[in-house]
Peer 1: 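Next up is a structure, given as structure tokens.
Within every chain, numbering begins at 1; the chains are lettered A, B, ... in the order of the sequence lines, protein sequences first and strands thereafter. These values consider heavy atoms only, across backbone and side chains, with no hydrogens, waters or symmetry-generated copies. Keep in mind the model is a prediction, meaning the values are calculated, not measured.
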Amino acid sequence: MDYVKGFASVLSPLLEGDLNENEITLMIEKPKHSGLGDYAFPCFSLAKIKRKSPQVIASELALNVTSPLFEKTEAAGGYVNVFLKKDAVTEHVIQNVLKLGGQYGSSENKSKGVVTLDMSSPNIAKPFSMGHLRSTVIGNSLSLIFEKSGYQPVKINHLGDWGTQFGKLITAYKKWGDEEEVIANPIKELLKLYIKFHDEAEKDPELEVAGRNWFKQLEDGNEEALSLWKWFREESLKDFSRIYDLLNIKFDSFAGEAFYNDKMNRVVELLEEKRLLTTSEQALVVDLESENMPPCLIKKSDGATLYATRDLAAALYRFENYRFAHSIYVVGNEQTLHFKQLIHVLKKMGYAWSDQMVHVPFGMILKDGKKMSTRKGKVILLEEVLNESIALAKKNIEEKNPNLENKEAVARMVGVGAVIFHDLKNFRMNDIDFNLEDMLRVEGETGPYVQYTYARANSLLRKGGWNTGEAQDSPALSGVEEWDITMKLLEFPEAIQRATAKYDPSQIAKYVVDLAQAFNKYYGAVRILEEDEWKYSRLKLVSAICTVLEEGLRLLGLQAPEEM
RNA sequence: GUCUCAGUAGCUCAGUAGGAUAGAGCAACAGUUUCCUAAACUGUAGGUCGGAGGUUCGAAUCCUCUCUGGGACACCA
């Protein structure tokens, strides 16, 4: 299946003493244009050793590069280009995909260990905004990609369920709140109270004091405070679960900030034991000057702990509990410094596993080039966006396929898919300027485009009488029309490897668009259901495409409708 | 000020362990449906890869400097 290796093993004896097979394998690349060949070996670096021009070396090599795998070999511009035997390779690739099904591209080693993913992490009593979407959707996709690569993912929703904002909220609720309204519409009401608190606090500084007091009460275990906090948390989670259901995302743990309250003393003690703490401006810090970083704050001057303390406790807990092979934090790039500090403190504490921790940052969602602020009530609610997207999908279905059976379900898949795909298709670090129109787009490089392609391909299988059972033998396909698709199918495992290595779901998104484009091109050029001797062979190819498209979409967290 | 991320077609972005003529999508324009789902396909047009040096046989990709924009930089998370 590995044609690069095949090429390298042919070249190797010809370059005895100059390059070994491994080096050759690494040098082999794909030509810019398929007309040049399927794989290329550049001869430039050999020019010095052999004291000949790359062109001469390439033509000499080309004469001796022969293999049952290759149709022909050419020397061009200092490269040795080989053309694979289209019929044999196409047949082989299709058979392989059909045989493996959804397992195609999966790692053979399925026990590479646990990967914890810190993701989503919305703040209780605050709306689930577009900002949280990124962490949720990137984290989910990474969990699927890592699973595919042989790891066991553990998705942790590190809820923002503790902190002074709860003191403020309790204050506001007791002053202006109404139980029934909160029950009817928890997040909306709580957000209202939160915003009102900040508006009023500007005029009345006493409120801030009251807020701090209530938080102190909460920490000290005051019953009223505690029960309000619990209630807010529960109601918020109900709201969130509606969104997670819509997104089709589940978590393995909801251990949030509050969960670590009783685990932080130990961290401080450990740091003390290891003599890492120093006092600076009445606060306890771990000095990181040797790492060229500002100090990491462990305890405030008033003795209270901070988020770094909490994250240290969480890291320890996760290692002790899960023994992770990797611990991934899918958190915005504005927190890069914090995670650098976190990892270095753990390293200083002597935990070698700190090397297995990685911050996977991503760019922000901006509105008109600016950050969105919860306090000012300037947030865009994810749920509204999702609903709008679903409504649009529904409208499109009514227009284009009014007889479709399960319209609602399909509209959901497509509407949600559009939003998720839009987030994942570009490199994570890019900021995204929020643009609803852009997000709801269904043409071009979008989720709905890929889903449509999948539905179209499935329709061919239905009409062609394809049965999912054993594929029969049939004449091999050798047309150039099929060839681009074959090469794309061959690339799927590479795309997964790249996505895993770079913690980058966009590798899969781009792949899936490429494959869809290749198929649509094919669809436009060839009549797939034409009754000729190749029909069954074409259906096999289409079936392989369906398998890979579905699996690619799945890795992004999208569903693939069989009709739309 | 220090650190960090980004700058590629009108817009949104691919392409960066150096390699052949820098690619998509959207928008624009011109086409394709008696034919497998037109959420599709074909074609045209669109570029000093922010700028300047350097390394190299070869640079969008590596190094230095520089300009522009985002973010972070101690008691918020």
Peer 1: Relative to the 5' end of RNA chain B, which residue comes earlier, A:Phe41 or A:Arg527, by the nucleotide with the nearest heavy atom?
Peer 2: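 The residue closer to the strand's 5' end, by nearest nucleotide, is A:Phe41.
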Peer 1: For A:Lys400 and B:U37, is the shortest distance between a side-chain N/O and OP1 or OP2 below 4.0 Å?
Peer 2: no
Peer 1: So what does A:Pro31 hit on the nucleic acid, given a heavy-atom distance under 4.0 Å: a base, only sugar-phosphate, or nothing?
Peer 2: base
Peer 1: Within the structure shown, what part of the strands sits under 4.0 Å from A:Leu392 by heavy-atom distance: base, sugar-phosphate, or nothing?
Peer 2: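 Answer is nothing: A:Leu392 stays at 4.0 Å or more from every strand.
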Peer 1: Just to be sure I understand the rule, does A:Leu306 reach a base, reach only the sugar-phosphate, or reach nothing, if contact means heavy atoms closer than 4.0 Å?
Peer 2: sugar-phosphate
Peer 1: Would you indicate what A:Gln507 reaches in the nucleic acid, counting non-hydrogen atoms under 4.0 angstrom: base, sugar-phosphate, or nothing?
Peer 2: sugar-phosphate
Peer 1: Could you tell me which nucleotide pairs with B:G25 by Watson-Crick or G-U wobble geometry, both distances under 3.5 Å, or answer none if nothing does?
Peer 2: B:C11
Peer 1: Please report the distance, rounded to the nearest Å, between CZ in A:Arg428 and P in B:U12.
Peer 2: 21 Å
Peer 1: So A:Leu337, base contact, sugar-phosphate only, or nothing? Heavy-atom distance under 4.0 Å.
Peer 2: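 Sugar-phosphate contact only - A:Leu337 comes under 4.0 Å of backbone atoms but never of a base.
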Peer 1: With salt bridge (charged side-chain N to carboxylate O under 4.0 Å, His left out) as the criterion, how do A:Lys340 and A:Glu291 come out once you've worked through the C-alpha distance, each side chain's angles and the decisive distance to 0.1 Å?
Peer 2: CA-CA 10 Å; A:Lys340 262 192 190 167; A:Glu291 328 287 330; over 6 Å; no
Peer 1: Verify the distance criterion only: is there a donor paired with an acceptor across the side chains of A:Thr453 and A:Asn520 at less than 3.5 Å?
Peer 2: yes
Peer 1: Give a yes-or-no answer on whether the side chains of A:Tyr522 and A:Glu482 include a donor-acceptor pair shorter than 3.5 Å.
Peer 2: yes
Peer 1: I'd like to know if A:Arg538 pairs up with A:Asp532 as an ion pair, taking the criterion as any Lys NZ or Arg NE/NH1/NH2 lying under 4.0 Å from an Asp or Glu carboxylate oxygen.
Peer 2: yes
Peer 1: Can you measure A:Ile298 atom CD1 to B:C76 atom P for me and round it to whole angstrom units?
Peer 2: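 So the CD1-P distance, A:Ile298 to B:C76, works out to 14 Å.
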Peer 1: Taking atom P of B:A24 as reference, at what distance in whole Å does atom CG of A:Asp484 sit?
Peer 2: 12 Å
Peer 1: Return the nearest nucleotide to the side chain of A:Glu281; candidates are B:U4, B:A39, B:A74.
Peer 2: B:A74
Peer 1: Are A:Lys540 and A:Ser474 close enough that a side-chain donor and a side-chain acceptor fall under 3.5 Å?
Peer 2: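 On atom types as modelled, these side chains qualify, holding a pair under 3.5 Å.
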Peer 1: Looking across every strand, which nucleic acid part, if any, lies under 4.0 Å from A:Gln335 by heavy atom: base, sugar-phosphate, or nothing?
Peer 2: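 Base, at least one base heavy atom under 4.0 Å.
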Peer 1: Please check if any side-chain donor atom of A:Asn261 sits under 3.5 Å from a side-chain acceptor atom of A:Arg310, or the reverse.
Peer 2: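 Yes, side-chain donor-acceptor contact under 3.5 Å.
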Peer 1: Pick base, sugar-phosphate or nothing for A:Glu530, based on heavy-atom distances below 4.0 Å to the nucleic acid.
Peer 2: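 Nothing: the residue A:Glu530, judged by heavy atoms under 4.0 Å, touches no strand.
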Peer 1: Within the 4.0 Å heavy-atom criterion, would you say A:Arg441 contacts the bases, only the backbone, or no part of the nucleic acid?
Peer 2: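 Contact class for A:Arg441: sugar-phosphate only.
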Peer 1: Students often get this wrong, so: under 4.0 angstrom with heavy atoms, is A:Met564 touching a base, only sugar-phosphate, or nothing?
Peer 2: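 It contacts base atoms.
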Peer 1: Measuring from the side chain of A:Lys510 (C-beta onward, heavy atoms only), which nucleotide among B:C13, B:G15, B:A74 has the closest atom?
Peer 2: B:G15
Peer 1: Remember a base hit wins even if backbone is also touched, and classify A:Ala76 as base, sugar-phosphate or nothing at under 4.0 Å, heavy atoms.
Peer 2: base
Peer 1: N/O contacts under 3.5 Å, protein versus nucleotides 40-42 of chain B?
Peer 2:
residue	atom	partner	partner atom	Å
B:A40	OP1	A:Gly444	N	3.1
B:A40	O2'	A:Arg456	NH1	2.9
B:C41	OP1	A:Tyr449	OH	2.8

Peer 1: Over all strands shown, is A:Val331 touching base, sugar-phosphate only, or nothing at heavy-atom distances under 4.0 angstrom?
Peer 2: nothing
Peer 1: Please name the nucleotide paired to B:A6 by Watson-Crick or G-U wobble geometry with both distances under 3.5 Å, or report none.
Peer 2: B:U68
Peer 1: On the 0 to 90° scale, with breaks at 30° and 60°, tag the A:Phe166-A:Trp229 ring pair as parallel, tilted or perpendicular.
Peer 2: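 The rings of A:Phe166 and A:Trp229 stand perpendicular, inter-plane angle above 60°.
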Peer 1: Rounded to whole Å, please give me the gap between NE2 in A:His158 and C1' in B:C76.
Peer 2: 14 Å
Peer 1: Mind checking A:Asn403 for me? I need base, sugar-phosphate or nothing, with any heavy atom below 4.0 Å counting as a touch.
Peer 2: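 Answer is nothing: A:Asn403 stays at 4.0 Å or more from every strand.
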Peer 1: Please classify B:U66 as syn or anti, treating any glycosidic angle within 90° of 0 as syn.
Peer 2: anti
Peer 1: Round to a whole Å and report the spacing from CD of A:Glu291 to P of B:U2.
Peer 2: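 Atom-to-atom, A:Glu291 to B:U2, this comes out as 21 Å.
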Peer 1: Would you check if the distance from the ring center of A:Tyr39 to the ring center of A:Phe7 is below 6.0 Å?
Peer 2: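 Ring centroids of A:Tyr39 and A:Phe7 are no less than 6.0 Å from each other.
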Peer 1: Mapping A:Lys30 and A:Val285 onto RNA chain B by nearest heavy atom, which one lands closer to the 5' end?
Peer 2: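 Upstream on the strand: A:Lys30.
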Peer 1: Answer with yes or no after comparing the ring centroid distance for A:Trp466 and A:Tyr536 against a 6.0 Å cut-off, counting only values under it.
Peer 2: yes
Peer 1: What nucleotide among B:G71, B:A74, B:U37 has an atom nearest to a side-chain atom of A:Met364?
Peer 2: B:G71
Peer 1: Give the rounded distance in Å between these two atoms: CD of A:Glu257 and C1' of B:C76.
Peer 2: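 Rounded to the whole Å, the gap is 10 Å.
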Peer 1: In whole angstrom, give the distance that lies between atom NZ of A:Lys488 and atom C1' of B:A14.
Peer 2: 12 Å
Peer 1: Does B:G1 have a Watson-Crick or wobble partner in any strand here, with both distances under 3.5 angstrom, and which is it?
Peer 2: B:C73
Peer 1: Classify A:Thr336 by what it touches in the nucleic acid, base, sugar-phosphate, or nothing, heavy-atom distance under 4.0 Å.
Peer 2: nothing
Peer 1: Can you tell me the distance, in whole Å, between the CD atom of A:Glu289 and the P atom of B:A74?
Peer 2: 14 Å
Peer 1: State the pairing partner of B:A20; accept Watson-Crick or G-U wobble contacts with both distances under 3.5 Å, and report none otherwise.
Peer 2: none
Peer 1: Counting just side-chain N and O atoms, does A:Asn430 come under 4.0 Å of either OP1 or OP2 of B:A14?
Peer 2: yes
Peer 1: The side chain of A:Asp431 lies closest to which of these nucleotides: B:A20, B:U12, B:G70?
Peer 2: B:G70
Peer 1: Could you please name the partner base of B:C41, counting Watson-Crick and G-U wobble pairs only when both distances are under 3.5 Å?
Peer 2: B:G31
Peer 1: Across the strands shown, which category fits A:Ala455 at heavy-atom distances under 4.0 angstrom: base, sugar-phosphate, nothing?
Peer 2: base
Peer 1: Less than 6.0 Å separating the ring centroids of A:His338 and A:Tyr307?
Peer 2: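 Under 6.0 Å, so yes.
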